[in-house]
Each structure stands twice: as structure tokens, then as C-alpha cells.
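Sharing a structure, written as C-alpha cells. Questions coming.
The residues of the chain are indexed from 1 along the displayed sequence.
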Amino acid sequence: MKKTTLLNSHLSALVAGVGHTDEIVLADAGLPIPAGPERIDLAVSPGLPGLQPVLAALLSELQLESVVLAEEIKTVSPELHQQLLSQLAEAGQTQGRDIAVSYISHVAFKRQNACARAVVRTGECTPYANIILRCGVPF
């Protein structure tokens with residue numbers, strides 16, 4: 001059995017298979033998932049699992065270059081927005097490189113998730129609780 005934080009076999013395989021600039025979408029329970037990207041559905045019930053614990057597990061093994069959030073999160077879900085920024089700043093310190101954060105409209109976000117390697121659906125029910133993770137390299 002793995003000793004690290006990330007125990008889910010589908011997520012572990014995804015992390016092992018991504019390369020520089022590949023994108024992974026962490027989605028709330030309602031984000032439409034287009035045909036194309038691998039769908040990893042972790043949702044059990046509303047709020048379970050939440051977006052932040054899944055992000056934390058991925059960050060334990062994934063090097064990130066940048067992330068994309070929907071612009072709407074700033075005004076509609078400001079508390080979650082600030083928590084995510086703090087979580088990403090801490091991850092940047094841990095990995096030794098800042099993680100750039102950018103914003104696009106939610107409509108553009110839904111279009112961009114079609115280009116991801118995978119969309120991971122959580123049980124998160126906070127509005128606009130979606131994040132695109134752009135993979136980096138640890139060297």
C-alpha cells in the first residue's frame with residue numbers, strides 16, 4: 001500500500017502520466033464534463049469530498065506551474081477564493097516555485113476544460129469551485 005497522502009489509484013495514475021503543461025481540472029459537483037478528457041468521479045454526496053482536500057492530496061505529489069480559476073469566484077465565493085489562494089501559496093513554497101494564478105470567465109472555463117487530460121469531479125457545492133491545474137516540472 002502507498003505511504004503517501006494520495007491513495008486513490010485513478011488519481012495516482014493520472015499524476016504519474018501527466019507531463020509539463022498538461023492540465024487537470026478539479027471540478028465541483030455541477031461543472032459539465034465534456035466528452036474527451038478522462039472523467040474521474042469522486043463525488044459521494046454534496047460536499048463529500050470537498051475541493052480543497054482533493055487539491056491537497058494532489059499537491060502532495062504534483063508539481064504545478066500555474067492554475068486557472070473562474071473570474072466569478074472572486075465575488076460569488078470570496079471565502080473559498082481566499083482559501084484556495086492560501087493553499088496555492090503554501091504549495092508554491094513547498095515545491096520551491098510560485099504557482100501563477102490567472103482568471104477567465106466561467107463560460108471560457110467550461111470551454112477550456114475540454115482540453116484537459118482529466119476532469120476530477122468532487123462533491124463540492126460551493127459556486128464556481130473549479131480549478132484548472134497546469135502541471136510543471138520539478139527541475
Side-chain angles (χ1 to χ4, degrees):
M1 183 171 175
K2 286 182 66 167
K3 295 189 320 185
T4 59
T5 302
L6 186 58
L7 297 178
N8 183 282
S9 62
H10 301 289
L11 294 179
S12 287
L14 176 62
V15 170
V18 294
H20 188 215
T21 73
D22 281 344
E23 293 180 346
I24 299 169
V25 176
L26 285 186
D28 62 23
L31 186 73
I33 300 174
E38 177 183 0
R39 178 189 181 114
I40 301 175
D41 195 338
L42 303 178
V44 174
S45 60
L48 188 62
L51 183 82
Q52 290 179 276
V54 175
L55 177 59
L58 283 170
L59 289 171
S60 72
E61 295 188 13
L62 186 64
Q63 182 83 17
L64 287 188
E65 181 173 281
S66 62
V67 301
V68 179
L69 297 166
E71 184 74 37
E72 292 86 347
I73 194 172
K74 293 177 185 178
T75 55
V76 178
S77 300
E79 185 176 324
L80 176 62
H81 177 237
Q82 288 305 313
Q83 291 169 353
L84 288 172
L85 292 179
S86 295
Q87 191 173 8
L88 293 166
E90 184 177 319
Q93 288 180 334
T94 300
Q95 73 178 20
R97 291 192 188 141
D98 289 343
I99 299 168
V101 179
S102 62
Y103 300 88
I104 57 177
S105 73
H106 187 61
V107 170
F109 190 101
K110 290 189 281 188
R111 282 194 305 264
Q112 188 168 336
N113 77 15
C115 300
R117 286 283 302 270
V119 178
V120 179
R121 181 175 175 254
T122 69
E124 185 68 52
C125 291
T126 305
Y128 302 103
N130 305 292
I131 185 169
I132 297 172
L133 310 174
R134 178 167 288 159
C135 301
V137 291
F139 52 85

Whether over 12 other heavy atoms sit under 6.0 Å from Gln112 CD: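 Yes, enclosed.
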N/O donor-acceptor pair under 3.5 Å between Arg121 side chain and Ala27 backbone: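 Absent.
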Any side-chain heavy-atom pair of Arg134 and Val68 under 4.5 Å: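 Arg134 vs Val68: side chains apart.
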Min side-chain heavy-atom separation Leu58-Val15 under 4.5 Å: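 The answer is yes, as the side chains (C-beta and beyond) meet within the 4.5 Å cut-off.
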Val18 vs Leu62 side-chain heavy atoms within contact, under 4.5 Å: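 They are in side-chain contact.
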Any Leu42 side-chain heavy atom under 4.5 Å of Leu11 side chain: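 They are in side-chain contact.
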Rounded distance [0.5 Å steps], CD in Glu124 versus CG in Leu80: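 Taking CD in Glu124 and CG in Leu80, the distance rounds to 6.0 Å.
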Check: Ala57 main-chain N/O paired with Thr5 side-chain donor or acceptor under 3.5 Å: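 Pair absent, no side-chain N/O of Thr5 close to backbone of Ala57.
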Approximate separation, where rounding is to 0.5 Å, of Asp28 CG and Ile73 CD1: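 It is 9.5 Å, given to the nearest 0.5 Å.
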Within-4.5 Å side-chain heavy-atom neighbours: Glu65 and Thr21: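 In contact.
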Side-chain donor/acceptor of Arg117 to backbone N/O of Gly17, under 3.5 Å: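 Here the side-chain-to-backbone pair exists.
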Heavy-atom neighbours of Asp98 CG exceed 12 at 6.0 Å: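 Not more than 12 within 6.0 Å, no.
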Side chain proximity check, Leu55 to Leu84, heavy atoms < 4.5 angstrom: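 Touching, per the 4.5 Å side-chain cut-off.
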Heavy-atom check, side chain of Asp41 versus side chain of His10, under 4.5 Å: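 Contact flag for Asp41/His10 side chains = no.
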Taking every non-hydrogen atom, the tightest pair across Pro138 and Arg97: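 Closest pair (atom of Pro138, atom of Arg97, distance): C-NH2, 4.3 Å.
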Short side-chain to backbone donor-acceptor contact, Ser45 and Leu48, under 3.5 Å: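 No.
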